[in-house]
Amino acid sequence: MEKTEIMGLISAAVAVRKNSYAPYSAFYVGAALMAEDGTVFTGTNCENASYPAGHCAERAAFAAAVSAGKRRFRAIAVAGGKEDIPDGYCMPCGICRQMMSELCSGDFIIILAKGKSEYKLYTLDEMLPLQFTL
Ligand code: THU
């Protein structure tokens, strides 16, 4: 991926994070997902008084993309934390990694963003080896 694409996805994740609904954890997450054709879909976590009904930002972005007919993806950027500018990396949870593995190949890129310019890159194979499939 080109650096400009990485920075664009990080900006989108950081921007949408402002819409996160997280009154219970106060942990605010934004995600920006790039489909194979370059289209970007965003999502935030959305919590609920019935805690298990809440969902993560990554899965919200995938739901938006799949709803728009996308089935192939290149990368996702994730920015999350309790602070206005996160001082740590938000690691995608196990359920989100499993969802990625259904829709993405092993070389799918996961960008973890801290602030607007610090980031780390992983592949899905690194994040979820030995994936479960039916
Ligand atoms: N969360 C995400 O949105 N993505 C992750 O990968 C990890 C956790 C959200 C879920 C919940 O609303 C809050 O962060 C605290 O767990």
Side-chain angles (χ1 to χ4, degrees):
M1 270 198 105
E2 289 183 17
K3 177 105 189 239
T4 51
E5 293 176 311
I6 293 171
M7 298 317 289
L9 272 189
I10 291 174
S11 293
V14 167
V16 76
R17 181 173 176 260
K18 295 181 186 68
N19 298 332
S20 160
Y21 179 70
Y24 303 104
S25 70
F27 193 92
Y28 306 97
V29 188
L33 172 66
M34 184 182 281
E36 197 174 60
D37 65 3
T39 318
V40 174
F41 297 86
T42 57
T44 70
N45 55 333
C46 182
E47 298 185 347
N48 191 277
S50 175
Y51 291 1
H55 62 72
C56 292
E58 295 91 321
R59 277 176 285 144
F62 273 100
V66 168
S67 300
K70 307 300 177 188
R71 292 290 187 275
R72 298 170 70 85
F73 302 99
R74 291 176 58 197
I76 191 168
V78 183
K82 294 198 169 203
E83 311 78 13
D84 281 349
I85 297 173
D87 63 3
Y89 294 106
C90 173
M91 292 289 167
C93 79
I95 298 173
C96 288
R97 294 180 199 201
Q98 177 63 25
M99 187 171 199
M100 290 172 196
S101 80
E102 176 93 17
L103 297 164
C104 307
S105 55
D107 60 359
F108 177 72
I109 295 168
I110 297 156
I111 304 158
L112 304 183
K114 184 165 85 169
K116 279 199 175 172
S117 53
E118 263 186 277
Y119 64 89
K120 287 183 179 179
L121 295 190
Y122 296 92
T123 64
L124 180 56
D125 267 345
E126 288 173 322
M127 284 243 171
L128 187 65
L130 305 173
Q131 302 155 0
F132 171 77
T133 55
L134 281 177

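Just follow the structure's listing: the first ligand is 1, and inside any ligand the first atom is 1. For the single chain, residues carry numbers from 1 onward in sequence order.
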### Task
Have a look at Arg97, Met91, Lys82 and point out the one with the heavy atom closest to atom 7 (C) of ligand 1.
Met91
### Task
Return the option from Glu58, Arg17, His55 holding the heavy atom at the smallest distance from atom 6 (O) of ligand 1.
Glu58
#### Entry: Closest non-hydrogen atom pair between Ile110 and Leu124, with its separation
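It is CD1-CA, 3.9 Å.
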List, one per line, each side-chain donor-acceptor pair under 3.5 Å for residues 31-44, sequence neighbours excluded.
unit_1: Glu36; atom_1: OE1; unit_2: Arg72; atom_2: NE; d: 3.2
unit_1: Glu36; atom_1: OE2; unit_2: Arg72; atom_2: NE; d: 3.2
unit_1: Asp37; atom_1: OD1; unit_2: Thr39; atom_2: N; d: 2.9
unit_1: Asp37; atom_1: OD1; unit_2: Thr39; atom_2: OG1; d: 2.6
unit_1: Asp37; atom_1: OD2; unit_2: Thr39; atom_2: OG1; d: 3.2
unit_1: Asp37; atom_1: OD2; unit_2: Lys70; atom_2: NZ; d: 2.7

### Query
Is there a heavy atom of Cys96 sitting under 4.0 angstrom from any atom of ligand 1?
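Heavy atoms of Cys96 never come under 4.0 Å of ligand 1.
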### Query
Do any heavy atoms of Gly80 fall under 4.0 Å from ligand 1?
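No, Gly80 has no heavy atoms under 4.0 Å from ligand 1.
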Protein contact to [atom] [nearest heavy atom, distance to 0.1 Å]:
atom                    : result
atom 3 (O) of ligand 1  : Ala57 N, 2.9 Å
atom 9 (C) of ligand 1  : Asn45 ND2, 3.5 Å
atom 14 (O) of ligand 1 : Phe27 CD2, 3.4 Å
atom 11 (C) of ligand 1 : Glu47 OE2, 3.2 Å

### Query
Does the side chain of Asn48 pick up a donor-acceptor pair with the side chain of Ser50 at under 3.5 Å?
no
[atom1] ([X]) with more than 12 external heavy atoms under 6.0 Å:
X      : atom1 : answer
Glu126 : CD    : yes
Leu121 : CG    : yes
Gln131 : CD    : yes

### Task
Consider every N or O of Ser25 and every N or O of ligand 1, then say whether any pair is closer than 3.5 Å.
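Checking ligand 1 against Ser25, no N or O pair falls under 3.5 Å apart.
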### Query
Looking only at distance, does Val29 have an N or O less than 3.5 Å from an N or O of ligand 1?
no
### Message
Quick check against the 3.5 Å criterion: does Glu58 have a side-chain atom that pairs as donor or acceptor with the backbone of Val78?
### Response
no
### side chain to side chain donor-acceptor pair (under 3.5 Å): pairs with one or both residues in residues 73-96, sequence neighbours excluded
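Of all non-adjacent pairs touching residues 73-96, those that pass side chain to side chain donor-acceptor pair (under 3.5 Å) are Glu5-Arg74.
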### Query
How does Cys56 reach ligand 1, if at all, at less than 4.0 Å between non-hydrogen atoms: by side chain, backbone, both, or neither?
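Both backbone and side chain.
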